[in-house]
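Source: prediction; values computed, not measured. The basis for the numbers below is simple: all heavy atoms, side chains too, and nothing from hydrogens, waters or symmetry mates.
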Amino acid sequence: MENKKKSKKTLYAILLVVALLVLAFCAWYIISYVVAENTGSRISKSGPGENVNTDIHAASVENPVDFAALKEINPDIYAWVCIPGTNISYPVLQREGDDDYYIRRAEDGSHYTGGCIFSEDINRRDFSDTVTVLYGHNLNSGKMFAQLNRFADANFFEKTRYIVVYTQDKELIYEIFAATPYSYAHILKNFDMDSTEGFYKFFGSVMYKKNVKANYLDDYTLSFSQDRVLILSTCLQGNNHQRYLVMGRLIADIPCE
């Protein structure tokens with residue numbers, strides 16, 4: 001009988017410890033989420049807001065992004081990406097030597113399961129590579145790159161034409177030419193985008209494939225020697241084992257005043 005009482009006490013003690021650990025984890029998770037949301041709200045004030053230029057013929061523009069303020073929050077912030085007509089408007093980060101760093105971190109580096117928009121250090125920070133890839137989660141809240149999946153709708157694809165990127169000294173405007181599901185294969189590690197063969201092999205594998213969620217501009221031709229392409233990548237809606245890509249070609253490189 002005494003052994004049974006001791007066993008019950010031990011069991012109750014274990015259950016109490018487990019319950020306290022669960023409560024502590026939940027409290028930590030909620031606090032991390034709230035802190036990250038507040039950080040996001042603070043960072044958005046340094047972004048372009050509605051002041052996004054889409055005039056590809058502009059000689060120069062005033063930079064609407066306060067990069068000095070953003071650098072104080074995190075020096076890994078090096079650009080801002082937005083798509084007029086969506087809620088996508090976020091800083092872009094890159095962590096040298098750790099490509100996975102911002103998958104589960106907010107823009108200030110604190111833990112946040114929603115992550116942020118980032119590139120891998122295989123890409124230069126000035127968007128001068130032939131192909132640059134930016135990654136972001138497809139969150140149920142509709143934040144980060146969730147709205148990329150809206151490009152599966154032909155009408156939305158037709159009316160939403162540009163990706164705009166700001167760096168400290170320039171505005172880059174990309175014309176969206178394709179939106180399509182893709183495998184989970186790593187693009188830049190599986191295709192050598194610094195070679196003619198790798199460039200055309202990749203785009204030959206994704207362009208004009210029949211898929212109800214894919215849309216393309218008609219008769220679109222890319223040039224390895226002349227074009228710079230930006231690819232935005234997130235999880236495919238309803239299938240986390242595939243990616244959804246929205247791709248744009250650089251059509252304007254405008255200096256910032």
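Taking the ring centre of Phe157 as origin, the terminal cationic atom of Arg161 falls inside the region bounded by 6.0 Å and 45° from the ring axis.
Between Val92 and Ser119, the shortest heavy-atom distance links the atoms CG1-N, 4.5 Å. Scanning both residues, Gln94 and Glu120, for their nearest heavy atoms gives NE2-O, 3.1 Å. For the pair Tyr166 and Glu171, the tightest heavy-atom approach, listed with the atom from each and the gap, is OH-OE2, 3.1 Å. Summarising the geometry of Phe199 relative to Met193, their closest heavy-atom pair is CA-SD, 3.9 Å, with the distance given to 0.1 Å. Shown here for Phe151 and Gln147, the closest heavy-atom pair between the two residues is CD1-O, 4.0 Å. Nearest approach of Ser128 to Asp126, heavy atoms of both residues: OG-OD1, 2.6 Å.
Residues Cys116 and Pro91 form no side-chain contact, since every pair of their non-hydrogen atoms from C-beta on lies 4.5 Å or further apart. By the 4.5 Å heavy-atom criterion applied to side chains, Glu107 and Ile117 are not counted as neighbours. Annotation: side chain of Asp76 is in contact with side chain of Arg125 (closest heavy-atom distance under 4.5 Å). Looking at heavy atoms from C-beta onward, Leu222 lies in side-chain contact with Arg249 at the 4.5 angstrom threshold. Trp80 has its side chain within reach of Ile43: a pair of non-hydrogen atoms, C-beta onward, lies under 4.5 Å apart.
Within 6.0 Å of atom NZ in Lys201, 12 or fewer heavy atoms from other residues, nucleotides or ligands are found, so the atom counts as exposed in its surroundings.
Distance CG/Asn211 to OH/Tyr182: 14.0 Å, rounded to 0.5 Å. Taken from OG1 in Thr180 to CG in Leu236, the straight-line distance is 9.0 Å, to the nearest 0.5 Å. The CD1 atom of Ile254 sits 6.5 Å away from the CG atom of Asp55 when rounded to the nearest 0.5 Å.
A distance-only check finds a donor-acceptor pair linking the side chain of Asn215 to the backbone of Ala152 [under 3.5 Å]. In this structure, Asn53 contributes its side chain and Val61 its backbone to no donor-acceptor pair below 3.5 Å. Side-chain atoms of Asn138 never come within 3.5 Å of backbone atoms of Gly238 as a donor-acceptor pair (strictly under, hydrogens ignored). Here the side chain of Thr234 pairs a donor or acceptor atom with the backbone of Gly136 at under 3.5 angstrom. For Thr160 (side chain) and Phe156 (main-chain N/O), a donor-acceptor pair under 3.5 Å exists by modelled atom type. A donor-acceptor pair is defined here as one N or O able to donate and one able to accept, closer than 3.5 Å; no such pair exists between the side chain of Asp169 and the backbone of Pro255. Judged by distance alone, the side chain of Tyr244 and the main-chain N or O of Lys213 form a donor-acceptor pair under 3.5 Å. A donor-acceptor contact shorter than 3.5 Å is absent between the side chain of Thr132 and the backbone of Phe127. Listed for the Asn123 side chain is a donor-acceptor partner under 3.5 Å among the backbone atoms of Val133.
Under the 4.5 Å side-chain heavy-atom criterion for Ile, Leu, Val, Met, Phe, Trp and Tyr, Leu250 and Tyr220 are members of the same hydrophobic cluster. Criterion: ILVMFWY side-chain heavy atoms under 4.5 Å apart, direct or through other members. Under it, Val229 and Tyr208 are part of a common hydrophobic cluster. Leu217 is connected to Ile83 through a chain of hydrophobic side-chain contacts under 4.5 Å among Ile, Leu, Val, Met, Phe, Trp and Tyr, so both are in one cluster.
When each of Tyr102, Phe145, Tyr135 is checked for a ring pair (Phe, Tyr, Trp, His ring centres under 6.0 Å) with Phe118, only Tyr135 meets the rule.
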